[in-house]
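What follows is a single structure, written as structure tokens, with notes after it.
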Number of protein chains: 2
Amino acid sequence: MAVKSEHIPKATIARLATYIQVLSEFKREGTDVVSSERLAEACSVNSSQIRKDLAYFGEFGVRGVGYYVQDLITSIKRSLGIDRAWNCALVGVGNLGRALLRHREFSRKGFIIRGAFDCDPYKIGEVVEGMEIVCSRQLPAKVKELSLEIGVITTPPERAQRAANYLVGAGIKGIINFAPARIAVPKHIHLEYVDFFHYFYAAAFHIRFDDNRD
Amino acid sequence: MAVKSEHIPKATIARLATYIQVLSEFKREGTDVVSSERLAEACSVNSSQIRKDLAYFGEFGVRGVGYYVQDLITSIKRSLGIDRAWNCALVGVGNLGRALLRHREFSRKGFIIRGAFDCDPYKIGEVVEGMEIVCSRQLPAKVKELSLEIGVITTPPERAQRAANYLVGAGIKGIINFAPARIAVPKHIHLEYVDFFHYFYAAAFHIRFDDNRD
DNA sequence: GGGATTCTGTTATAAATTTCACAAGTTAGG
DNA sequence: CCTAACTTGTGAAATTTATAACAGAATCCC
């Protein structure tokens, strides 16, 4: 599935994820066809925005009709590259790491955590959710053996860079960093920072700001 | 702490959070003063971007010198409204909810989860991390009693709207929704959606896209 | 003390993103 | 078959966001 255009805005990717969510809802409700207008309303965006976002990847609708819900879900998933499974390595089995390992939604969405790594000797050998925790030094071997492509860092911040180094050295293609620390990786490695405190900060800011306007 | 300007971009809020993170790192390393250039490099952004972001809130630097690290941290925190604690209600004590309750970072960052709510009779009365799970119907009483201001929804998607209704009815000011479902709230309630699968989707998309370019 | 250097705050410029507007395609009904 | 009612895909316009450029302020060194 090729993209029509060079660069796709980050915001578009985020919205596509929302579209899938809402479309799945429509599907459960038994809706077969939906217009960009109706989808837009459910997603709280402009309908042109939706058509523009989709236009980056192709033409998925029928003029005068709308979009076939199931087809559109399939098309968006293919566009995003989530029409297949992705094997993930999780590095750092603390509180957050364990929560992610237990989170069923990952495999349901096609992101399958196949390896759990930690450098703490007390944790190595422990089994979490049917998965044995392995020493981080074994990453190169395991990445090759299990075709791991995405690394998930859930270490404390001071160990995030080392985890990243292990992952890069092992030949991983992308890293999703949940640790509250900036890390450096070669530029051919795709890197995403996840920090849900951003959302709390935004909420705090807006609540206080809105209050002050009275 | 007033803002100088009307509207502040969402991206600015997210970057401010990053600045705090990196500045804290500098502080730990013993750096007292930092230039926008050096901070920019550590955050992988443009230095004008940083000065622009800060200009929304005031003048925090000294020309010819730079920014005093501790002062800037304090100023940004005050600007974001996180120079004080926020009391939070968590609704939905499943896997994700429990992980958040156990996550020490929340109270360390000033977001204190003071109430855990669920409508499952089997969970009510159970104690997680020293907090008793309470029936969601008690939200109005507890919100008043404990001055809860931010609601965190970690229910399954089909129960997210009901959780939101409870929270809104109880007089909460903002909602952070971790459930993979869109919800409707009155427009004076600040609403943030958290979906870390967005980041996985983005990673999947870019990895596949970059591969195809060879 | 003053000239060179550094660095912020802010204005000007450029780039990116979103919204508008409409031609082109589809369906339904008489 | 033809008109009316819809709805997509897309180029143009508007808006927003990011980058560059520079005046004003502080420090350093001779």
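FYI, side chains are in, hydrogens and waters are out, and symmetry mates aren't considered; it's all heavy atoms of this structure. Labels below follow one simple rule: chain letters A, B, ... track the order of the sequence lines, proteins then strands, and each chain is numbered from 1.
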Would you mind reading off the distance between [X] atom [atom1] and [N] atom [atom2], rounded to a whole angstrom?
| X | N | atom1 | atom2 | value |
| --- | --- | --- | --- | --- |
| A:Phe60 | D:dT7 | CZ | C1' | 17 Å |
| A:Leu72 | D:dT7 | CG | P | 15 Å |
| A:Ile13 | C:dA16 | CD1 | C1' | 16 Å |
| B:Phe57 | C:dG9 | CZ | C1' | 16 Å |
| B:Asp53 | D:dT16 | CG | P | 17 Å |
| A:Leu16 | C:dT17 | CG | C1' | 15 Å |

Qualifying residues under side chain to side chain donor-acceptor pair (under 3.5 Å), relative to [X], sequence neighbours excluded:
| X | answer |
| --- | --- |
| A:Thr18 | none |
| B:Arg15 | B:Thr12, B:Asp53 |
| B:Asn87 | B:Arg114 |
| A:Gln70 | A:Lys27, A:Thr74 |

Residues touching DNA chain D, which here means a heavy atom under 4.0 Å, drawn from residues 37-52 of chain B | B:Asn46, B:Ser48, B:Gln49, B:Arg51, B:Lys52
Which residues, if any, of residues 24-32 of chain A bring a heavy atom under 4.0 Å of DNA chain C?
->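 Heavy-atom contacts with DNA chain C come from no residue of residues 24-32 of chain A; none.
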Residues B:Arg208, A:Glu149: salt bridge by 4.0 Å N-O rule | no
Any salt bridge between A:Glu41 and A:Arg38, counting N to O under 4.0 Å?
-> no
Would you say C:dT8 has OP1 or OP2 under 4.0 Å from some side-chain N or O of B:Ser36?
-> yes
May I ask you to verify if any side-chain N or O of B:Tyr67 is less than 4.0 angstrom from the OP1 or OP2 atom of C:dG9?
->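 Answer yes for this pair, as a side-chain N or O of B:Tyr67 is under 4.0 Å from OP1 or OP2.
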Applying side-chain contact (heavy atoms from CB on, under 4.5 Å) to B:Ala204 and not counting sequence neighbours gives A:Ile82, A:Trp86, A:Phe111
All N/O pairs under 3.5 Å across the protein-nucleotides 25-30 of chain D interface:
unit_1	atom_1	unit_2	atom_2	d
D:dA26	O4'	B:Arg63	O	2.8

For [X], all residues meeting ring-ring contact (aromatic ring centres under 6.0 Å, His included), sequence neighbours excluded:
| X | value |
| --- | --- |
| A:Tyr19 | none |
| A:Tyr199 | none |
| B:Phe197 | A:Phe106 |

When you match A:Pro9 and B:Gly66 each to their closest nucleotide on DNA chain C, which lands nearer the 5' end?
-> B:Gly66
When you measure from the side chain of B:Glu59, which nucleotide among C:dT10, D:dT7, D:dA18 comes out closest?
->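 The nucleotide sitting nearest to the side chain is C:dT10.
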Please name all residues satisfying salt bridge (charged side-chain N to carboxylate O under 4.0 Å, His left out) with B:Lys109, sequence neighbours left out, ordered by chain then number.
-> B:Glu105
